[in-house]
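What you are looking at is a predicted structure, and each value in this text was computed from that prediction instead of being measured. Order of the sequence lines sets the chain letters (A, B, ...), proteins ahead of strands, with each chain counted from 1.
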Amino acid sequence: MNGSLAILGDFGEAVEFIFKERPSVSGDVMIGGIPELAGFGLTHMYVSIAAVLIAAALAIPLALWLGHIGRGDFLATATSNVGRAVPSLALLAFFISFVGLGYTNVILVLVLLAIPPLITNTYVGMRGVDRDLVDAARGQGMTGMEIVRKIELPLALPSIFGGLRTSAVNVVATATIAPLANVQTLGEPIITPQTYGFVGQLGAAIVVAVITVAVDFLFARLQRAVTPAGLKLTEPTGRRYFSLPTRRRLKSP
Amino acid sequence: MIPPLAQTSIGQPGGSDKCVENNGFCPDWIVDNIDRYWTPLLEHVYLTVLPVTIGFAISLALAILAHRRRWLTGPIITITGIFFAIPSIAAFFLLQPITGLGYTTAMVALVSYTLLIIFRNITTGLRNVPAETRDAALGQGLTERQVLFRVELPLAVPEIMAGLRVASSTTVGLAALALYAGAGGLGAEILRGDDKFFKSNVVVAGGLAVLLAAVLDLLILTVQRWMTPWQRART
């Protein structure tokens, strides 16, 4: 068999692993197939959704408030810098060795990973709102709360959803290494090659890749959907997380 | 935790082994074993610096191309965005049937991650150059190419450098998973089989990765300061 056919063979077998059960490497248990992967997938989704929701509940209100009062340039920049610098594997390993295994710890790690992009994007989104608009709203007699709800929040939504998108993609990707902490997500075949072999690893990798791309796409659509019509004419906000909020961009002109 | 530590440190050569047995966090063990981290650290430096450099070269070429032909920006962002969304750990396996186990697989995957980040920032930087500045340069008789290399790109340096900083710290994190591509790095040390999640080991290996990210960040920031003297004068 020549080289290119061998490559097709690997991928073909991996796809077959996803859809059909087969004996494990040692031959004593059955692995793969839709029922097993669906189980892993449910756990994967459960820890991911829980983590993003908890992180959003903590980070967004805090960043909205900081953005509204205009204090927190330092926090917004520092969290995103520190958040990126800590490798997810190192964070998970740290929690496993010092706190222990299990769902709670995995979700905690994922929450910590999800918070920085949410804080940065929400804050940058709030600071990006035209100060003239806020002044006009105040001049019309709106209270602070009304300004947040009717002016700042709607205009910051695209950026907030950009943060949710980054967080969700990061969390779903990182949940793949959760089996290291005994939580059987879709990474299980990747982490235990002694049972699943390379075919299982490749099959799981395909599933994880498809799911994250789908999540990314879904949040891109959501981001577009929540963008106020007036803002759609200008450039989409995109993933603000990836451009460091420089002083120039944070300060309103 | 501290009393047993103090005991083992008093003239007991077996202190380090006991630390592994008790899964403790002990400076003694770290001092005794620090040597074994140099090779993984070097691998990690290599797994970060090379992908960011290659990624920068490709992104710069793409950004200059998209600067001339604006319609290319959208498709480039969509394609690099898909590369970016695929988790690195999945990419390391998806590439293995093609590039095999080892550095090549890790490199290809890590380079593909840097593209979106750096491309976006270069494009933003170029767009933020004031139209009047461009016009003034053209008015002085500079050609389009000269305007790009002498005016637009130098003015875009802060954004470009910001992109490089994000790319380098992200790559340090992703390279921690390069062990799954068979490329070693500090991640391999974190998951070293015989003492899986041994506290002292996790702290040193993880700490070195964070330190590496911080050092690279500082290095790029220093280069940026040096390349943009006009910004220094202003503040």
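Summarising the geometry of T212(A) relative to I86(B), their closest heavy-atom pair is OG1-CA, 4.2 Å, with the distance given to 0.1 Å. Across every non-hydrogen atom of V208(A) and P87(B), the tightest pair is CG1-CG, 3.5 Å. Of all the heavy atoms in A90(A) and G206(B), the pair that sits closest is CB-CA, 3.8 Å. Between V202(B) and A93(A), the closest heavy-atom pair is CG1-C, 3.7 Å. Closest heavy-atom contact between A85(B) and V169(A): O-CG1, 3.9 Å.
With a 4.5 angstrom heavy-atom cutoff, A90(B) touches chain A via backbone and side-chain atoms both. Heavy-atom distances place no part of I160(B) under 4.5 Å from chain A, backbone and side chain included. Only the side chain of V203(B) comes within contact range of chain A, with at least one heavy atom under 4.5 Å from a heavy atom of that chain. Using a 4.5 Å cut-off between heavy atoms, F198(A) contacts chain B through its side chain alone, with no backbone atom that close. In this structure, the portion of Y180(B) lying under 4.5 Å from any heavy atom of chain A is its side chain and not its backbone. I177(A) touches chain B through its side chain: at least one heavy atom from C-beta onward sits under 4.5 Å away, while N, CA, C and O do not.
Annotation: side chain of L186(B) is not in contact with side chain of L89(A) (no heavy-atom distance under 4.5 Å).
To the nearest 0.5 Å, the span separating OG1 on T166(A) from CZ on F84(B) amounts to 7.5 Å. The CG atom of D10(A) lies 9.5 Å from the CD1 atom of I98(B); values are rounded to the nearest 0.5 Å. Between the CG atom in N201(B) and the OG atom in S97(A) there is a gap of 9.0 Å [rounded to 0.5 Å].
Interface summary for chain A: among A214(B), A213(B), S169(B), S168(B), the most heavy-atom pairs under 4.5 angstrom belong to S169(B). Contact count against chain A (heavy-atom pairs under 4.5 Å) is highest for L94(B) among I77(B), L212(B), L94(B), I89(B). Per-residue heavy-atom pair counts under 4.5 Å with chain B were compared for F94(A), F98(A), F217(A), and the maximum is reached by F98(A). Ranked by heavy-atom pairs shorter than 4.5 Å toward chain B, the options A209(A), A14(A), P193(A) are led by A209(A). Of the residues considered (V172(A), L202(A), T176(A)), L202(A) shows the highest number of contacts with chain B, using heavy-atom pairs under 4.5 Å.
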